[in-house]
Amino acid sequence: MDYSDLIDPAMWQFIRATARHYPADAAELSIAEQRRVYDAMCRAFAVGRPDHITVVDSRVGAVGLRHYSAGGGGASIVYFHGGGFVMGGLDSHDDVCAEICAATGYDVIAVDYRLAPEHRHPAMFDDALVATRHVFNMSSQPVLLCGDSAGGNLAAAVAHTLRNTVTQITGQLLIYPALGGDLASGSYVRHAAAPMLSRDDVIFYQTIRVEGQPPCDDPTYAPLMDREFAGLPPTVVISAECDPLSDDGRDYCERIATADGMSYWINEPGLVHGYLRARHSVPRAEQSFARITSALHDLGRGVWPGDD
């Protein structure tokens, strides 16, 4: 794939800036070194929180939470961070969560789930489920599930587990999620050597989650493995065009639609995996972030994005 025309100069500048902190072969580093360079990259792109956002850290059992509030409420967004199930935490996506809170006016609760390889699947899913149920107990507000990359996987897995059992989940929004698509076809082949995330990286992060071979029938590991897609909350998936994961979003939304659910897929042209960190430097990423927060705002009000 020739990305010289697909990716614009502003995005190339972001890709080069990222590589100065997080090299393309980072998955070959030790886990400790991966986390070190990932944290350094997150700090390099951090822009801080909007002044009016208040933040409180807490725990539910062993799971760390960070609660962002703009003072308005109206809905709660449970946010699961990306990082390949290996990296990231409350600090890596702190400014992203704070800006989502500011843009929507909703409370955002970020989840510090356990990471591999110290903790194998289903540890991270179990933490995501515990945190979501805790948010139900905290408030009667509508709840939205949201996450990027690995976090998008966890958000969807929670939605599948809780469908038809709770009414508080009024929507889910998944940002370039890893949902367990076919590694031998589609975008996994077309964008196997994409900037920022390669097919080999995806395989590494999939396999490090488990002991032995990855499961082939466990939707809490890969939501696309589920056999049933009815009963899911209204779903918006926003993928990056230049990303091996892009078809996961398309396939997931198609299966929900086939099951007579509400779903909408946006494949952002010219964007790459991890573009959330480019939302202040790349116009296309800024526009996508605005679509993300607008869709979250609509879902929290029980409105299908774009209907009003």
Side-chain angles (χ1 to χ4, degrees), residues 26-27 29-39 42 57-67 76-94 96-97 108-138 143 145-163 165-166 169 172 174-181 183 197 201-226 245 248 252:
L29 302 173
S30 69
I31 296 300
E33 190 66 7
Q34 285 188 51
R35 290 173 180 164
R36 187 192 68 78
V37 297
Y38 184 83
D39 290 345
C42 294
D57 286 353
S58 63
R59 303 192 73 81
V60 51
V63 184
L65 304 175
R66 181 166 291 171
H67 188 154
S76 296
I77 301 170
V78 185
Y79 194 94
F80 306 102
H81 67 81
F85 305 100
V86 171
M87 302 164 291
L90 296 180
D91 292 335
S92 64
H93 289 62
D94 182 75
V96 172
C97 291
V108 176
I109 299 90
V111 181
D112 192 19
Y113 56 86
R114 286 172 288 176
L115 300 175
E118 295 90 343
H119 305 281
R120 305 285 188 167
H121 174 76
M124 52 285 293
F125 165 75
D126 290 344
D127 289 353
L129 190 60
V130 164
T132 303
R133 285 177 167 150
H134 175 71
V135 173
F136 293 156
N137 295 332
M138 285 170 51
V143 172
L145 302 174
C146 186
D148 67 285
S149 193
N153 171 296
L154 293 174
V158 169
H160 282 243
T161 300
L162 295 178
R163 64 182 161 194
T165 64
V166 296
I169 300 177
Q172 61 172 337
L174 315 178
I175 306 164
Y176 38 79
L179 300 173
L183 292 166
L197 184 74
D201 293 337
V202 174
I203 293 170
F204 170 79
Y205 292 125
Q206 283 187 355
T207 56
I208 199 170
R209 290 177 66 191
V210 293
E211 295 283 0
Q213 291 297 312
C216 59
D217 59 354
D218 181 359
T220 68
Y221 171 82
L224 279 171
M225 291 180 180
D226 208 343
L245 301 176
D248 279 18
Y252 187 67

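- The structure places CG of Leu162 at 11.0 Å from CD of Gln172, a figure rounded to the nearest 0.5 Å.
- When every heavy atom of Cys146 is checked against every heavy atom of Ile175, the shortest pair comes out as SG-CD1, 4.2 Å.
- Residues satisfying the salt bridge (charged side-chain N to carboxylate O under 4.0 Å, His left out) test with Asp57, not counting sequence neighbours, are Arg66.
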Handout entry: Step-by-step side chain to side chain contact (heavy atoms under 4.5 Å, CB included) determination, Arg36 to Leu29
Key = CA-CA 10 Å; Arg36 187 192 68 78; Leu29 302 173; over 6 Å; no
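- The CG atom of Leu179 sits 11.5 Å away from the CG atom of Asp226 when rounded to the nearest 0.5 Å.
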Exercise for the section: Step by step, work out the side chain to side chain contact (heavy atoms under 4.5 Å, CB included) result for His121 and Thr220. Expected result: CA-CA 9 Å; His121 174 76; Thr220 68; 3.3 Å; yes
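- The nearest pair of heavy atoms linking Asp217 to Met225 is N-SD, 3.6 Å.
- The nearest pair of heavy atoms linking Leu115 to Gly88 is CD1-O, 3.6 Å.
- You'll find the side chain of Asp91 stays beyond 4.5 Å of the side chain of Cys42, heavy atoms only.
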Practice task
I would like to know whether Val86 and Tyr38 meet side chain to side chain contact (heavy atoms under 4.5 Å, CB included); could you show each step before the answer?
Solution key: CA-CA 10 Å; Val86 171; Tyr38 184 83; over 6 Å; no
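- A search for salt bridge (charged side-chain N to carboxylate O under 4.0 Å, His left out) contacts involving Arg59 returns nothing, not counting sequence neighbours.
- Listed here is the closest heavy atom pair of Pro223 and Tyr252: CB-CE1, 4.2 Å.
- The only member of Val135, Val108, Ile109 that meets side-chain contact (heavy atoms from CB on, under 4.5 Å) when paired with Ile77 is Val108.
- Applying the salt bridge (Lys or Arg N to Asp or Glu O under 4.0 Å) rule to pairs touching residues 109-126 yields Arg35-Glu118, Arg114-Asp127, Arg120-Glu211, sequence neighbours excluded.
- Of the inter-residue distances, the one linking Leu224 atom CG with Asp248 atom CG reads 5.5 Å to the nearest 0.5 angstrom.
- To the nearest 0.5 angstrom, Leu65 atom CG is 13.5 Å from Tyr113 atom OH.
- A distance-only check finds a donor-acceptor pair linking the side chain of Asn153 to the backbone of Tyr221 [under 3.5 Å].
- For the residue pair Ala128 and Val158, the shortest heavy atom distance occurs at CB-CG2, 3.8 Å.
- Within the model, atoms CZ of Phe80 and CG of Leu174 stand 10.5 Å from one another, a figure rounded to the nearest 0.5 Å.
- Contact between Leu90 and Ala110 at its shortest, heavy atoms only, is CD2-O, 3.7 Å.
- Taking CE from Met124 and CZ from Arg209, the interatomic distance works out to 5.5 Å, rounded to the nearest 0.5 Å.
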